[in-house]
Engineer: 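Take this structure, written in structure tokens, and hold onto it; I'll ask about it next.
Order of appearance sets the numbers: ligands from 1, and atoms from 1 within every ligand.
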Amino acid sequence: MLLELTPDELLSTTRAVRRRFDLTRPVEREVLQECLELAQQAPTASFAQNWHFVVVTDAGLRAALGELWRGVADGYLRRRAAAAAADPVLTRLGEGVRHLAEHIHEVPVHVIPCVEGRTDGKPAAAQAARWASIIPAAWSFMLAARARGLGSVWTTFHLRHEREAAELLGIPYDRVMQVALIPVAYTRGTDFKPGPRRPLDTLVHWDRWA
Ligand SMILES: Cc1cc2nc3c(=O)[nH]c(=O)nc-3n(C[C@H](O)[C@H](O)[C@H](O)COP(=O)(O)O)c2cc1C
């Protein structure tokens, strides 16, 4: 069932969910399928559609991915502890990351968008075209999920252990890159607010950079 959200509300309230996952409610495969079908409508370089989504629901695999994720999250939290102590926004972010690290294996679905062709060491233009062939689709997936009452969060922690994750999931590492690990679950409540952002005029440049 779709939430009653205008397109603008959908775009402005699709937040990084870490603490409001309903860990007790299963996610139906058909709902994920709908989100993936919508994701497929996103643009891709040269009409290549060289993307894949690995949808992980098996509890053992989620536990193993969770271990990889947690190890990197712990390091991140340790490194950022001093900065977080002085900044309430970072404190809140850190609390969310810590909470998710403790529960990530309980989040019922982990979605790993992947793209064919490794770009390690390639020029920036090749990198940009390859990554951007899958990122719009993955974001469409997250928007479609939000429209259906599901929360998600784009994460990259596990990529530090991409090869181990590839072995766990049977992804051919030598020819397929993982792009993110997106935990997905229904949310507790569906009300989300626009996030804090820098003033627009600090990042928009009309005609010239200056
Ligand atoms: C490229 C990228 C990498 C990210 N990696 C992580 C991550 O590894 N772990 C995590 O908890 N959040 C991660 N995030 C989520 C961001 O922290 C989140 O999108 C940001 O704080 C904005 O959240 P908001 O839209 O709710 O304000 C990542 C987001 C992006 C776009």
Side-chain angles (χ1 to χ4, degrees), residues 3 5 7-21 23 39 42 51 53-54 56 62 64-81 83-84 87-115 119 124 127-147 149-165 177-200 202-203:
L3 302 181
L5 292 172
D8 286 4
E9 283 167 345
L10 178 69
L11 289 167
S12 59
T13 64
T14 303
R15 293 272 69 75
V17 177
R18 299 187 184 88
R19 280 183 281 202
R20 284 180 56 190
F21 285 129
L23 300 173
W51 59 39
F53 287 87
V54 181
V56 183
R62 282 184 288 120
L65 289 170
E67 284 284 309
L68 299 179
W69 199 96
R70 194 173 302 112
V72 182
D74 286 347
Y76 165 88
L77 289 169
R78 270 197 307 277
R79 283 194 306 280
R80 309 268 308 231
D87 181 338
V89 175
L90 285 183
T91 304
R92 214 180 131 63
L93 177 68
E95 284 167 0
V97 171
R98 178 167 292 110
H99 181 86
L100 183 54
E102 284 165 8
H103 294 281
I104 188 155
H105 57 289
E106 298 168 61
V107 182
V109 184
H110 294 180
V111 173
I112 302 188
C114 299
V115 64
T119 53
Q127 299 270 2
R130 190 63 50 81
W131 293 110
S133 278
I134 177 69
I135 288 170
W139 181 238
S140 288
F141 169 83
M142 292 168 73
L143 292 169
R146 160 79 175 130
L150 293 163
S152 62
V153 52
W154 190 286
T155 81
T156 46
F157 285 154
H158 92 290
L159 295 177
R160 297 277 183 103
H161 302 294
E162 186 191 352
R163 200 183 278 275
E164 288 96 314
M177 293 193 296
Q178 297 166 54
V179 174
L181 186 159
I182 305 175
V184 181
Y186 282 103
T187 52
R188 290 186 283 105
T190 54
D191 248 14
F192 289 87
K193 294 188 174 45
R197 295 295 188 260
R198 283 164 48 187
L200 198 57
T202 64
L203 53 98

Engineer: At a non-hydrogen distance cut-off of under 4.0 Å, which region of Val97 contacts ligand 1 (side chain, backbone, both, or neither)?
Structural biologist: side chain
Engineer: Measuring from atom 31 (C) of ligand 1, which candidate in Phe157, Trp69, Trp154, Trp139 has the nearest non-hydrogen atom?
Structural biologist: Trp154
Engineer: Name every donor-acceptor pair, under 3.5 Å, that has one atom in a side chain of residues 189-199 and the other anywhere in the protein, sequence neighbours excluded.
Structural biologist:
residue : atom : partner : partner atom : Å
Arg198  : NE   : Thr202  : OG1          : 3.4
Arg198  : NH2  : Thr202  : O            : 3.1

Engineer: Please write down residue, atom name and distance for the protein heavy atom closest to atom 3 (C) of ligand 1.
Structural biologist: Thr156 OG1, 3.4 Å
Engineer: Within 4.0 Å of atom 16 (C) of ligand 1 (strictly less), any protein heavy atom?
Structural biologist: yes
Engineer: Indicate yes or no: does Arg92 engage Glu95 in a salt bridge with an N to O separation below 4.0 Å.
Structural biologist: no
Engineer: Does some side-chain heavy atom of Phe53 sit less than 4.5 Å from a side-chain heavy atom of Ile134?
Structural biologist: yes
Engineer: To the nearest 0.1 Å, how far is atom 12 (N) of ligand 1 from its closest protein heavy atom, and which atom is that?
Structural biologist: Arg18 NH2, 2.9 Å
Engineer: Which residue owns the protein heavy atom closest to atom 24 (P) of ligand 1, what's the atom, and how far is it?
Structural biologist: Arg15 NE, 3.3 Å
Engineer: For Val56, which residues count as a side-chain contact (heavy atoms from CB on, under 4.5 Å) partner, sequence neighbours excluded?
Structural biologist: Val54, Leu61, Arg62, Leu65, His110, Leu169
Engineer: Any side-chain heavy-atom pair from Met177 and Glu162 closer than 4.5 angstrom?
Structural biologist: yes
Engineer: Taking all heavy atoms of Ala84 and all of Leu90, pick out the closest pair and write down the distance.
Structural biologist: CA-CB, 3.8 Å
Engineer: Please list the nearest protein heavy atom to atom 19 (O) of ligand 1 with its residue and the distance rounded to 0.1 Å.
Structural biologist: Ala16 CB, 4.0 Å
Engineer: With heavy atoms only and a cut-off of under 4.0 Å, state how Arg197 meets ligand 1: side chain, backbone, both or neither.
Structural biologist: side chain
